[in-house]
Amino acid sequence: MTDDQTPSGAVGGCPVAHGADVTRLYGPEAATDPHDIYARLRKEHGSVAPVLLEGDVPAWLVLGYRENRRVLDNPLQFSRDSRIWRDFRDGRVEETSPLIQMVGWRPDCVSQDGEPHRRLRAAVTDNLHAVAGRGIRRHATHFANKQIDAFADTGRADLVADFAEYLPMLVLTRVFGLAEREGRSLAESSNQVIKGGADALTHNERIMGILGELAARKRAEPGADFTSGLIEHHAGLDEDEIVNHLRLVLITAHTTTSNLLARALQLVLSETAWLSGLVSGQLNMSSVVEEVMWNSPPLAVLPGRFATADLELGGCPVKEGDLLVLGLAAGNHDPEIRPDTGVSVEGNASHLAFSAGPHECPGQSIGQSIIETAVDVLLHRLPGLRLAVPPAELTSTASTWESRLDSLPVEFAV
């Protein structure tokens, strides 16, 4: 391993300084069992571990629940502004790196702190609240039924490919004022941006092109949609800010909601008690979603924060300009706060799945509405819905940032 592959904070007491191999959070091993990697890193390093991201870019992975909360709650120490990222500033990370799509600076609220963040976030949250009251459940019901119509007569379906993979994006086309025909290709491009790899930049450019055209159209012909609301908001967003916030909401809202919907369906169909509880009315979907949030958060690793000064975190000396990525899944499984993951978490909303602090996800209620509506429509439309394979045969594929269910084959009465 060369010097510039060694995490810059890995000095002093951290094991990597003594020649230990640094774990990659991408590639074949990471794609199959990320939880095993998190557990091994915790055992070897404690609550903060040195890792390599795509392209062997060094970073710290925060594994501890308390350490994650410290980073998320303290933007003065851990900034979201990647312009202070030393490896990028010093030319060790190219503009074309797939990582830039996830951690690079953009003129959006996620990339900034303090007053600039508050100004931009207000435009997003005000308009998300506005569209949340304009028929999210109605749109979700319409598109859920439309998706189900395509396979309802067959008695079989894959609830990932045929349902969860595209439904949130179809709803978002209505919310944004986009044409429905854009939904499937935008969903695929959004997934590729999160997945990373050589095609991430191409798919990101495609999304930006579509959203740029949308913003121009809505300036000329405004409507009761999220795009028009951003344009008209009193925060006075410029063109780049508008398009980049459209990108931010589109990608994050779709990918996290589609992943969470698939995992919620997996839980309901894999464990009889959950399904019978929902059908009988003894349970509601919010309990199911909460369980998934703890055990399979839609973003397993959250990008990224940058140390604003030399400091210590979890016993490791982090240096100014170091990149930290937040292990939301690992933090939720931290044995210091969950010594027994088999114990119910019902009623406990202190998970990390929506992040925390000033940058906590502002669109939680919209995702929840889509998921609750989608599951309700499925259970009413498809009598006798059941898994077509044993639960143990279901598989997932992970990237650095998320783990997605590969398929969810089901059978039902016709």
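Count residues from 1 along the sequence.
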Contacts of type salt bridge (Lys or Arg N to Asp or Glu O under 4.0 Å), residue E336, not counting sequence neighbours: R66
With sequence neighbours left out, write down each residue that passes salt bridge (Lys or Arg N to Asp or Glu O under 4.0 Å) with R83, or none if nothing qualifies.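 Applying salt bridge (Lys or Arg N to Asp or Glu O under 4.0 Å) to R83 gives D81.
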Close side-chain approach of [X] and [Y], heavy atoms under 4.5 Å:
{"X": "M208", "Y": "N244", "answer": "yes"}
{"X": "R106", "Y": "L248", "answer": "no"}
{"X": "L323", "Y": "D87", "answer": "no"}
{"X": "L63", "Y": "V48", "answer": "no"}
{"X": "L352", "Y": "P297", "answer": "no"}
{"X": "L99", "Y": "F88", "answer": "no"}
{"X": "R24", "Y": "E29", "answer": "no"}
{"X": "L128", "Y": "V175", "answer": "no"}

Looking only at atom types and distance, does a side-chain atom of [X] sit under 3.5 Å from a main-chain N or O of [Y], one as donor and one as acceptor?
{"X": "T23", "Y": "V51", "value": "no"}
{"X": "W294", "Y": "S350", "value": "no"}
{"X": "S369", "Y": "I136", "value": "no"}
{"X": "S407", "Y": "P409", "value": "no"}
{"X": "N332", "Y": "M293", "value": "yes"}
{"X": "E360", "Y": "F354", "value": "no"}
{"X": "D376", "Y": "E372", "value": "no"}
{"X": "Q364", "Y": "C361", "value": "yes"}
{"X": "S111", "Y": "W105", "value": "no"}
{"X": "S270", "Y": "P391", "value": "no"}

Between the side chains of T227 and R217, is a donor N or O closer than 3.5 angstrom to an acceptor N or O? no
What I want to check is whether the side chains of T96 and E94 have a donor and an acceptor closer together than 3.5 Å. no
Worked check of side-chain contact (heavy atoms from CB on, under 4.5 Å) between D225 and K218: CA-CA 9 Å; D225 51 63; K218 288 298 176 180; 2.9 Å; yes
So which heavy atom on [X] is nearest to which on [Y], and how close?
{"X": "M285", "Y": "A264", "result": "CE-CB, 4.0 Å"}
{"X": "P75", "Y": "D113", "result": "CB-OD1, 3.7 Å"}
{"X": "V124", "Y": "C109", "result": "CG2-SG, 4.3 Å"}
{"X": "P303", "Y": "V301", "result": "CD-O, 3.7 Å"}
{"X": "F151", "Y": "F412", "result": "O-CZ, 3.6 Å"}
{"X": "V22", "Y": "P50", "result": "CG1-O, 3.5 Å"}

R118 and E115: salt bridge (Lys or Arg N to Asp or Glu O under 4.0 Å), yes or no, with the steps? CA-CA 5 Å; R118 287 188 287 272; E115 185 53 39; 3.3 Å; yes
Quick one: sort the Y38 and H35 rings into parallel, tilted or perpendicular, breaks at 30° and 60°.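 Judged by the thresholds at 30° and 60°, the geometry between Y38 and H35 is perpendicular.
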For the NZ atom on K195, are there more than 12 heavy atoms of other groups (residues, nucleotides or ligands in this structure) within a distance under 6.0 Å? no
Distance check, rounded to the nearest 0.5 Å: [X] atom [atom1] versus [Y] atom [atom2]?
{"X": "E44", "Y": "D21", "atom1": "CD", "atom2": "CG", "value": "10.0 Å"}
{"X": "C316", "Y": "W60", "atom1": "SG", "atom2": "CH2", "value": "4.5 Å"}
{"X": "I207", "Y": "Q101", "atom1": "CD1", "atom2": "CD", "value": "9.0 Å"}
{"X": "F176", "Y": "L214", "atom1": "CZ", "atom2": "CG", "value": "8.0 Å"}
{"X": "R137", "Y": "I366", "atom1": "CZ", "atom2": "CD1", "value": "11.5 Å"}

Pairs satisfying side chain to side chain donor-acceptor pair (under 3.5 Å), at least one member in residues 258-268, at least two apart: S258-R404, R263-Q266, R263-S396, R263-S403
Just do the side-chain hydrogen bond (donor to acceptor under 3.5 Å, both in side chains) check on N295 and R338 with the steps written out, would you? CA-CA 11 Å; N295 295 322; R338 287 183 76 192; 3.1 Å; yes
Assess the residue pair L299 and L302 against the criterion (side-chain contact (heavy atoms from CB on, under 4.5 Å)); give the C-alpha distance rounded to whole Å, side-chain angles, the decisive distance to 0.1 Å, and a yes or no. CA-CA 6 Å; L299 275 183; L302 179 70; 4.0 Å; yes
I'd like a table of donor-acceptor pairs (distance under 3.5 Å, sequence neighbours excluded) in which one partner is a side-chain atom from residues 161-174, with atom names and distances.
unit_1: D162; atom_1: OD2; unit_2: D158; atom_2: N; d: 2.9
unit_1: E165; atom_1: OE2; unit_2: N191; atom_2: ND2; d: 2.7
unit_1: Y166; atom_1: OH; unit_2: E188; atom_2: OE2; d: 3.0
unit_1: T173; atom_1: OG1; unit_2: L170; atom_2: O; d: 2.5

D126 and H233: CA distance, side-chain angles, deciding distance, side-chain hydrogen bond (donor to acceptor under 3.5 Å, both in side chains) verdict: CA-CA 9 Å; D126 288 351; H233 194 269; 2.7 Å; yes
Keeping to residues at least two apart or across chains, list the salt bridge (Lys or Arg N to Asp or Glu O under 4.0 Å) pairs with something in residues 227-243.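 Qualifying pairs: R119-E241, R219-E239.
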Checking side-chain contact (heavy atoms from CB on, under 4.5 Å) for the pair V345/H351: CA distance, chi angles, key distance, verdict? CA-CA 9 Å; V345 291; H351 56 75; over 6 Å; no
Taking only residues two or more places apart in sequence, or in another chain, which ones meet H117 in a ring pair (Phe, Tyr, Trp, His ring centres under 6.0 Å)? H359
Walk me through it: do S185 and R206 pass the test side-chain hydrogen bond (donor to acceptor under 3.5 Å, both in side chains)? CA-CA 10 Å; S185 60; R206 183 178 178 281; 2.8 Å; yes
What do the steps show when you test T202 against D199 for side-chain hydrogen bond (donor to acceptor under 3.5 Å, both in side chains), and what is the final call? CA-CA 5 Å; T202 300; D199 294 332; 5.2 Å; no
Please identify which of these residues, L246, L178, L250, meets the side chain to side chain contact (heavy atoms under 4.5 Å, CB included) condition with I210. L178
